[in-house]
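Below: one structure, written as structure tokens.
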Number of protein chains: 2
Amino acid sequence: MAQALDRTFAALSDPTRRAILARLAEGEATVSEIAAPFLMSQPSISRHLKVLEDAGLILRRVDGNRRPCRLAPDTLGALEDWLDHVRRIYAANYDRLDAVLNDLQSQEPKT
Amino acid sequence: MAQALDRTFAALSDPTRRAILARLAEGEATVSEIAAPFLMSQPSISRHLKVLEDAGLILRRVDGNRRPCRLAPDTLGALEDWLDHVRRIYAANYDRLDAVLNDLQSQEPKT
DNA sequence: GTGCTATATAGCTAAAAGCAAATATAGGTT
DNA sequence: AACCTATATTTGCTTTTAGCTATATAGCAC
């Protein structure tokens, strides 16, 4: 499952792909509709779409000639789970000392 | 700001780095403490730490010989903001149709 | 100062990822 | 069948990234 997170985060690390996701959040769109606003070639967009699909972030369906894409519902869930996980550990250790940690500098070296 | 997100997501796309963050969520640790559980060389860990630092995910302080690292509080916030942003767009367009979309297949091609 | 420890930097190799241009495939239309 | 449109795949090139070993720097202990 670590690999899934790898792919999810890696897919999100590209601004073009994040823009595509934001676009798809507004609703389904075909490849050419998605590609239109970008200065990039169509093959490059197709490649980005494949990365997003492999990461499980989008789904495609077949409509004759086209392959309309839409957001895969809840796929960002795994990402949030990881975030929550780390935050829970953090909270368990520091509880509400966050503010203190925030400006703690070099006092109380560890050992 | 897009670049910041790029770096944040890219930093999180590596399992070693996510493990380091999870470790640091438990509390401050020196470079060698962090490196210990990994099969990787120390320089490689140092490199990962630099990536995390450049992404603003961790902070380091100076303690004599060591460079203890800790989580940068709230840096994952920007990531969550982006998530929320996309989700708001999504929600605005589909509201509570999520369940429907979930198993909507190829019905009602979009014009 | 000598030498040990902690960490960073350099140099190198290999693998991955990005992009564009060209080509292939598949559907639609006439 | 001929041709046009939508999309995918391949090719070639360049850049980035990860990892290793070796080396450098800086603090500490003697």
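Each chain gets a letter, A, B and so on, in the order its sequence line appears, and its residues count up from 1.
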Checklist entry - If you take all heavy atoms of A/L24 and A/C69, which pair is closest and at what distance? => result CD2-O, 3.5 Å
Checklist entry - By salt bridge (charged side-chain N to carboxylate O under 4.0 Å, His left out), which residues pair with B/R60, not counting sequence neighbours? => result B/E53
Checklist entry - Does any non-hydrogen side-chain atom of B/D63 lie less than 4.5 Å from one of B/T30? => result no
Item to check | Set of side-chain contact (heavy atoms from CB on, under 4.5 Å) partners for A/A72, sequence neighbours left out | outcome: A/L59, A/T75
Pairs: protein N or O with nucleotides 2-5 of chain C N or O, under 3.5 Å:
from  : atom 1 : to    : atom 2 : distance (Å)
C/dT5 : O2     : B/N65 : ND2    : 3.1

Short heteroatom pairs, N/O only, protein and nucleotides 17-22 of chain C, under 3.5 Å:
from   : atom 1 : to    : atom 2 : distance (Å)
C/dG18 : OP1    : A/R17 : NH1    : 2.9
C/dG18 : OP1    : A/R17 : NH2    : 2.9
C/dC19 : OP2    : A/H48 : NE2    : 2.8
C/dC19 : N4     : A/R47 : NH2    : 3.4
C/dA20 : OP2    : A/S41 : N      : 3.4
C/dA20 : OP2    : A/S41 : OG     : 2.9
C/dA20 : OP2    : A/S44 : OG     : 2.9

Next on the checklist: Quick test of your reading: applying ring-ring contact (aromatic ring centres under 6.0 Å, His included), list the pairs with at least one residue in residues 9-43 of chain B, sequence neighbours left out, ordered by first then second residue.
Outcome noted: B/F9-B/W82
Next on the checklist: Salt bridge check, B/E28 against B/R66: does any charged N sit closer than 4.0 Å to a carboxylate O?
Outcome noted: no
Checklist entry - When you measure from the side chain of A/D14 to the backbone N and O of A/R17, does any donor-acceptor pair fall under 3.5 Å? => result yes
Next on the checklist: I'd like to check A/L71 versus A/L76 (side-chain heavy atoms, cut-off strictly below 4.5 Å). Are they in contact?
Outcome noted: no
Checklist entry - Rounded to the nearest 0.5 Å, how far apart are OG1 of A/T8 and CG of A/L52? => result 10.0 Å
Item to check | Start and end of chain A contact along DNA chain D [non-hydrogen atoms, under 4.0 Å] | outcome: D/dT5 to D/dT9
Checklist entry - Once you round to the nearest 0.5 Å, how far does CD of A/E80 lie from CG of B/L79? => result 9.5 Å
